[in-house]
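Hydrogens, waters and symmetry mates play no part in the numbers below; they use all other heavy atoms, side chains included. Naming convention: chains lettered A, B, ... in sequence-line order (proteins, then strands); numbering from 1 in each chain.
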Number of protein chains: 2
Amino acid sequence: MSLPHAILTALLEKPSSGLELTRRFDKSIGYFWSATHQQIYRELGKLEADGLIRTLPSEQPARGQKKSYEVLPAGRAELARWTGESQDPKPLRDTLLLRLRAAAVVGTEGIEADLRRHLDLHRRQLAEYREIERRDFPPGKGEPEDRLRHLVLRAGIDLETFWTGWLTHALEEFSELPPA
Amino acid sequence: MSLPHAILTALLEKPSSGLELTRRFDKSIGYFWSATHQQIYRELGKLEADGLIRTLPSEQPARGQKKSYEVLPAGRAELARWTGESQDPKPLRDTLLLRLRAAAVVGTEGIEADLRRHLDLHRRQLAEYREIERRDFPPGKGEPEDRLRHLVLRAGIDLETFWTGWLTHALEEFSELPPA
DNA sequence: CCTTACATGTAAGCTGTTACATGATTTT
DNA sequence: AAAATCATGTAACAGCTTACATGTAAGG
């Protein structure tokens, strides 16, 4: 149950409307926690009902009208509590690895092209992360909050580096495999 | 929708009962696709209803009695189709990275201890994978199926290597951060 | 006006999680 | 005979996905 906390974090960084949040979940936040607009609207309703956020007083709510939210003290407290809590890492669930394991049984027909496609996607993502790093985190120390955010971005960079490396290796293996 | 295909793969590798599958999902298969026994029993029912698997003829089904399944030709065909299909990689969803991002806003209270705990867990997992590699994949070429399975295990090893490296780096950063 | 983009929301279905229920087998 | 373990299953709920519905605002 992390979506409400992802939204609280986003709103603390900057009060936003549902659609603005959706946009931000397609970028920075979405790099490690994705969500659709339906998830976000539903969760905003719950958070408001629970008294963790409220609509900005300046704007009057109406259907089809923009409605921005900000975090209340109770919301900040809940986020701090959740952040400091001990949590177990979730077991991995990766379709591509599963498909490779299946391919060992039913044959590799068609999967090599998709490995190439994934490699390309991960290379693009890696390039994007590196560009963000160059732009937002110039060499030098910076504020503690920036160092934490840089650390998170570093995880993204290292993960994409892993995938591109592993996929490259996988494709080499395929080129040595007997043809189907 | 990958659980049925994970089960088909497991059953092709070896016909099994629900509980045996559950055990195997706690080990090898579960390293990249986890599932609880309730998910497995429900899915076995669906797969049987869809004519993709059947109970072994030798055993008569009864509540509380062991009931083993094997894959039918239609099941193998469906697995081959799914394996060769083009699929997009799922966006990352990682709670630890989210918590770090939240910590940049609400403070790092309590999170450092959990980073240490995660580092320890990932080190153990890495050691386990390396032991499996040593035991099951001795140097030398081997059969194509084995090379594919080795490739999958390699992904696990490289992923755990990434996490241990990144967590070590993260803890170094924390030691340089001003105390809360 | 008409279309497009913006903005919020409803509904249904599927997947995953947690707690519990029931019968069979083995051990003490 | 009781207790523990094996094995399968039911029920309820929470979370995510997909498709659709509704209204507003801006540009041509």
Rounded to the nearest angstrom, tell me the gap between atom [atom1] in [X] and atom [atom2] in [N].
| X | N | atom1 | atom2 | result |
| --- | --- | --- | --- | --- |
| A/Arg42 | D/dG15 | CZ | P | 9 Å |
| A/Leu3 | C/dG16 | CG | C1' | 16 Å |
| A/Glu43 | D/dG15 | CD | C1' | 9 Å |
| A/Arg23 | C/dC6 | CZ | P | 6 Å |
| B/Ile40 | D/dT10 | CD1 | P | 16 Å |
| B/Gln39 | C/dC14 | CD | P | 16 Å |
| B/Lys66 | C/dT26 | NZ | C1' | 15 Å |
| A/His37 | D/dG15 | NE2 | C1' | 16 Å |

Using modelled atom types only, decide if a donor and an acceptor are shared between the side chain of [X] and the backbone of [Y] within a distance under 3.5 Å.
| X | Y | result |
| --- | --- | --- |
| B/Gln39 | B/Thr36 | yes |
| B/Arg101 | A/Phe32 | no |
| B/Asp50 | B/Leu52 | no |

By side chain to side chain donor-acceptor pair (under 3.5 Å) - contacts of A/Tyr69 (at least two apart): none
Contact under 4.0 Å: [X] side-chain N or O vs [N] OP1/OP2:
| X | N | answer |
| --- | --- | --- |
| B/Thr36 | C/dT18 | no |
| A/Tyr41 | C/dT8 | yes |
| B/Lys46 | C/dC14 | no |
| A/Gln38 | C/dT10 | no |

Within residues 80-98 of chain A: residues closer than 4.0 Å to DNA chain D (heavy atoms): none
Sugar-phosphate only, base, or nothing, as touched by A/Thr22 at under 4.0 Å among non-hydrogen atoms: nothing
Selected nucleotide, minimal atom distance to B/Trp33 side chain, candidates C/dT8, D/dA7, C/dG16: C/dG16
Side-chain heavy atoms of A/Tyr129 within contact of A/Asp158, under 4.5 Å: no
B/Leu72 and B/Glu48, any side-chain heavy atoms less than 4.5 Å apart: no
Residue pairs involving residues 83-93 of chain A (criterion side-chain hydrogen bond (donor to acceptor under 3.5 Å, both in side chains); sequence neighbours excluded): A/Arg81-A/Glu85, A/Glu85-A/Gln87, A/Ser86-B/Asp114, A/Ser86-B/Arg117, A/Asp88-B/Arg117, A/Arg93-B/Ser34
